[in-house]
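Values below: every heavy atom of this structure, side chains too, minus hydrogens, waters and symmetry copies. Keep in mind it's a predicted model, so treat the numbers as computed, not measured. Order of the sequence lines sets the chain letters (A, B, ...), proteins ahead of strands, with each chain counted from 1.
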2 protein chains.
Amino acid sequence: MPVQPSKLRARRRAETRRAIQEHAVRLFTERGYDATTVVDVAEAAGMSPMTVYRHFPTKEDLVLVDEYGALVAERIVAQPAAQPPVRRIGNALVDSAATLTGRGRGEGPSASEEFLLARLRLMISTQALRARHLDNHYVLQQAIVDALGYDTTDPDTVFRAQVAASACLAAMHTALVRWVEDDGRTELPTVIAKALAAAFGEVTVGTDPDA
Amino acid sequence: MPVQPSKLRARRRAETRRAIQEHAVRLFTERGYDATTVVDVAEAAGMSPMTVYRHFPTKEDLVLVDEYGALVAERIVAQPAAQPPVRRIGNALVDSAATLTGRGRGEGPSASEEFLLARLRLMISTQALRARHLDNHYVLQQAIVDALGYDTTDPDTVFRAQVAASACLAAMHTALVRWVEDDGRTELPTVIAKALAAAFGEVTVGTDPDA
DNA sequence: CATGTGATGTTAGTTACTACCAATCTGGTA
DNA sequence: TACCAGATTGGTAGTAACTAACATCACATG
């Protein structure tokens, strides 16, 4: 019984996964999401459709990998618990975005950021993807509420936390759309901070523009 | 040439539409959304699957009729334009909810409200429906921004309006979930007002002194 | 080297949905 | 009354996203 599933196998698995996803995003961008079949993706990646389905349960998942959730949750707990929830969540969102896009100072959009942009473009323009993406927010909302660590026995407290989380996420999503429309020229954390400020006033983020 | 498409025909059409939807929601509730095929719905309604598809373009649409959008938009323009956008939108959302559930005469949950609850329960518990429902918010957001009637040439103003709209809608959705979990015992407008207050502070709605 | 586990392929089936064409029914008119 | 135009419905066939079941292959570990 192998305690670790053979690091080499894991790597290969991750590699094919990435390969499939890259081909998928490329094809979706070139021909459009709906006009591209899973069979097309499989052929482009040089494997059978079944293999694609083994790595990505649905066609939508070929675009919608979520690295963001865990990131945000861990930042939440790092925030001082005394501050109002909207501020804690807002800071976590801004920080996570900084980590995710993480570009060094003068650098333009990196290759991975270019890929992120391509995925987001698809997520925003394609109905099916947009819908699932927004539904992921739903899950993320729960994660945030849990991470806030409030008294879960008081329904009112939970409700307030849920509202704060969903509203913050919605603001962030709008910021994301803006960022994509701008082709990622501006800095994502800044845009998010602006969105949060617009929604909740200056109480939200200390902006802490750059470190 | 008929100037109006024959009111009688329109009524019949609306009737079959309603019949299909009622059977659909009933079956979905009884057996589950995924376990119920469109053919099942068609059979229950006593017609061919094609007819169902003629009235509802997708299976999801059998649950997701949106009466809310137009309602909200028209309330927005009715609000005094001087107030902050979050307040205008918030008031519109609360008012629209009041109109929609409209149980002014102390009747308790009406039959139509019971139906609304059943639909919302499905929308919240079923992934596909939840996703599409949230995507509808996306459309609604645009409608709200348009209705606000701000200067659309200034991208920053538009951005702020978009953020306000999306955040308000997210808060409202959370309220909706809460309302459903409570089986509609509380009054929807009150819950929404509470959610908005939790998100944006007391600046939002002035209609409810208790809480 | 033997062996078992995980990755891959093949096939057949279900279901949502989309043309395309035929039948039928409705409401108003000559 | 008889009939026409348009609206509603039904049937057939096809596409595409999945799913389940079984066979095969590769490779890491004993």
Between A:D135 and B:R132, is there a salt bridge with N-O shorter than 4.0 Å?
no
To the nearest Å, give me how far apart [atom1] ([X]) and [atom2] ([N]) are.
| X | N | atom1 | atom2 | result |
| --- | --- | --- | --- | --- |
| B:R31 | C:dT15 | CZ | C1' | 15 Å |
| B:Y33 | C:dA16 | OH | C1' | 9 Å |
| A:D34 | D:dC18 | CG | P | 12 Å |
| A:R132 | D:dA17 | CZ | P | 15 Å |
| B:Q127 | D:dA17 | CD | C1' | 15 Å |
| B:R13 | C:dC25 | CZ | P | 18 Å |
| B:I20 | D:dT8 | CD1 | C1' | 11 Å |
| A:K59 | C:dC17 | NZ | P | 14 Å |

Does NZ or CZ of A:K59 come closer than 6.0 Å to the centre of the six-membered ring of A:Y33, within 45° of the ring's axis?
yes
Closest nucleotide among C:dA16, D:dT9, D:dC27 to the B:V38 side chain:
C:dA16
Knowing that exactly one of A:T29, A:L120, A:L129, A:T126 qualifies, which makes a side-chain contact (heavy atoms from CB on, under 4.5 Å) with A:V63?
A:L129
Between the side chains of B:R75 and B:T99, does any donor sit under 3.5 Å from an acceptor?
yes
Looking only at side chains, do A:R130 and A:S125 share a donor and an acceptor under 3.5 Å apart?
no
If you take any heavy atom closer than 4.0 Å to DNA chain C, which residues from residues 44-57 of chain A end up in contact?
A:M47, A:S48, A:M50, A:T51, A:R54, A:H55
Heavy-atom pair of closest approach, residues B:Q141 and B:A165:
CG-CB, 3.8 Å
Note: for B:T58 and B:R12 on DNA chain C, the residue whose nearest nucleotide lies more 5' is B:T58
